[in-house]
K.L.:
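I'd like to ask you about the structure that follows.
Whatever order the structure lists ligands and atoms in, that order sets their numbers, starting from 1. All values reported here derive from a predicted model rather than from experimental measurement.
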Amino acid sequence: MTAPRPQRPSPPTQSAAASRTRKQDLPVSEVRRYLEPGPIVLVSSHWRGQDNLMTMGWHLVMEFTPSLIGCVISSANHSHEMIRRSRECVINLPTTALTDTVVRIGNCSGAEVDKFAAFGLARGAGEVVKAPLVTDCHANFECRLHDTALVKRHDFFIFEVVKAHVAPRPRHPKTLHYTGDGVFVVAGQVISRRQLFRPGML
Ligand SMILES: Cc1cc2nc3c(=O)[nH]c(=O)nc-3n(C[C@H](O)[C@H](O)[C@H](O)COP(=O)(O)O)c2cc1C
């Protein structure tokens, strides 16, 4: 008699029943808690001899080829003018190793603080852009401004990623995802459903 093959434990998923329970009203201003959580990134910029950094959560992938990323960078931020004028930036992907630094960078302005010096961050040279790479981040994406059509109206910049530098390990880094009110969730469980995808959709 052959021993039963050990079952591969399936990754824990939330039951659909839990989602089906009676829902409550949510103020629409709090929808961000559910829809915002792409990874928090650090945007580095360079203009007229100054390097700067800001924390950013409002970004989205718009196209694969060319590689287009849309970002909201408020005109109240010092980075806004630096990026609008230089027409470039680097999108850096921090992990939980930089949690406190990410928050501090997002709570002060480059108009008053040299953030690289204040937070002891090492910078690397870009291959294509003048904005510095934050070397302690898991990935660095060099970007050129692709389209300014919505900058004036919505502070919405569309960048093309022109060069990407990525640490090979870990494959799924512990990134930070902001849910508002000073709280983050951390990317965790990896679930693959490759077999359900049409090849063209992968
Ligand atoms: C978690 C977090 C996420 C943020 N996301 C954004 C964002 O997506 N867009 C934005 O304009 N500001 C965002 N901010 C605010 C800026 O990072 C903050 O105003 C920063 O101080 C701007 O720096 P600067 O004036 O040197 O450009 C965020 C801040 C935090 C803490």
Side-chain angles (χ1 to χ4, degrees), residues 28-62 68-123 126 129-134 136-161 173-188:
V28 291
S29 62
E30 288 177 32
V31 161
R32 64 181 296 188
R33 188 172 152 206
Y34 298 91
L35 296 184
E36 184 173 318
I40 284 293
V41 295
L42 294 174
V43 181
S44 46
S45 51
H46 176 92
W47 175 243
R48 291 203 170 150
Q50 189 197 358
D51 290 338
N52 194 27
L53 280 168
M54 69 169 275
T55 303
M56 181 175 74
W58 298 345
H59 56 79
L60 76 149
V61 172
M62 297 178 72
L68 300 183
I69 312 289
C71 307
V72 175
I73 300 176
S74 163
S75 59
N77 291 335
H78 191 58
S79 303
H80 180 103
E81 274 305 287
M82 292 181 68
I83 292 168
R84 197 178 64 78
R85 290 177 185 279
S86 63
R87 301 182 66 83
E88 55 176 49
C89 70
V90 179
I91 295 175
N92 305 275
L93 183 71
T95 64
T96 49
L98 290 179
T99 306
D100 290 358
T101 305
V102 161
V103 174
R104 291 195 172 107
I105 287 171
N107 281 276
C108 65
S109 174
E112 287 128 26
V113 181
D114 174 348
K115 299 195 201 184
F116 277 94
F119 304 117
L121 292 168
R123 61 196 114 184
V129 304
K130 290 204 180 89
L133 277 50
V134 182
D136 281 342
C137 282
H138 182 82
N140 315 97
F141 306 129
E142 298 184 42
C143 298
R144 281 212 182 107
L145 192 51
H146 176 81
D147 192 331
T148 58
L150 294 174
V151 170
K152 258 205 184 128
R153 192 190 287 198
H154 292 295
D155 292 343
F156 189 77
F157 292 71
I158 301 174
F159 296 111
E160 178 179 354
V161 181
K174 290 203 179 306
T175 49
L176 295 159
H177 303 254
Y178 194 46
T179 61
D181 209 25
V183 175
F184 300 81
V185 293
V186 177

K.L.:
Considering residues, nucleotides and ligands other than Arg123, do more than 12 of their heavy atoms fall under 6.0 Å from its CZ?
P.N.:
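Result for CZ/Arg123: enclosed.
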K.L.:
Test of understanding: given a 4.0 Å heavy-atom threshold, classify the contact between Ile105 and ligand 1 as side chain, backbone, both, or neither.
P.N.:
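Under 4.0 Å from ligand 1, Ile105 contributes backbone atoms alone.
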K.L.:
For Asn52, counting its heavy atoms only, list the atoms of ligand 1 lying under 4.0 Å from any of them.
P.N.:
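By the 4.0 Å cutoff, the relevant atoms are 24 (P), 26 (O), 27 (O).
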K.L.:
I want to know if ligand 1 touches Ile73 in the polar sense, i.e. an N/O pair below 3.5 angstrom.
P.N.:
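Looking only at distances, the answer is no, because the N/O contact criterion of under 3.5 Å is not met.
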K.L.:
Would you mind running through ligand 1 and noting each atom that sits below 4.0 Å from a heavy atom of Ile40?
P.N.:
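Under 4.0 Å from Ile40, ligand 1 has these atoms: 1 (C), 3 (C).
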K.L.:
Do Ala76 and ligand 1 have an N or O pair less than 3.5 Å apart?
P.N.:
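No, no N or O pair falls under 3.5 Å.
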K.L.:
Is any N or O atom of His80, backbone or side chain, closer than 3.5 Å to an N or O atom of ligand 1?
P.N.:
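It does not: no N or O of His80 is found under 3.5 Å from an N or O of ligand 1.
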K.L.:
Quick check: does Gly110 get an N/O under 3.5 Å from an N/O on ligand 1?
P.N.:
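Yes, Gly110 has an N/O under 3.5 Å of an N/O on ligand 1.
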K.L.:
Hey, is ligand 1 close enough to Tyr178 that some N/O pair sits below 3.5 Å?
P.N.:
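Looking only at distances, the answer is no, because the N/O contact criterion of under 3.5 Å is not met.
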K.L.:
Out of Gly182, Ser79, Gly38, whose heavy atom is nearest to atom 27 (O) of ligand 1?
P.N.:
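Shortest heavy-atom distance from atom 27 (O) of ligand 1: Ser79.
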K.L.:
Does an N or O from Cys108, backbone or side chain, lie closer than 3.5 Å to an N or O of ligand 1?
P.N.:
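Such a contact does occur with ligand 1.
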K.L.:
Hey, looking at atom 4 (C) of ligand 1, which of Val103, Thr55, Val41 has the closest heavy atom?
P.N.:
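Checking each option, the heavy atom nearest atom 4 (C) of ligand 1 is found in Thr55.
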K.L.:
Would you say His177's side chain and Gly38's backbone share a donor-acceptor pair under 3.5 angstrom?
P.N.:
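Yes: the side chain of His177 pairs with the backbone of Gly38.
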K.L.:
Leu53 near ligand 1, heavy-atom distance under 4.0 Å?
P.N.:
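Yes; Leu53 lies near enough to ligand 1 that a heavy-atom distance drops under 4.0 Å.
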K.L.:
What is the ring orientation for Phe184 with Tyr178, classed by angle as parallel under 30°, tilted 30 to 60°, or perpendicular over 60°?
P.N.:
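Answer is tilted, since the angle falls between 30° and 60°.
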K.L.:
Mark up the atoms of ligand 1 that fall under 4.0 Å of a heavy atom belonging to His78, in ascending order.
P.N.:
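So the atoms of ligand 1 that pass are 24 (P), 25 (O), 26 (O), 27 (O).
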K.L.:
Side chain of Thr175, backbone of Ala187: donor and acceptor closer than 3.5 Å?
P.N.:
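Looks like no, no N/O pair under 3.5 Å.
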K.L.:
May I ask you to decide if Leu121's main-chain N or O and Lys115's side chain share a donor-acceptor pair within less than 3.5 Å?
P.N.:
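Absent.
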K.L.:
Would the distance check show the side chain of His80 and the main-chain N or O of Ile73 forming a donor-acceptor pair, the cut-off being under 3.5 Å?
P.N.:
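Yes; at least one donor-acceptor contact below 3.5 Å.
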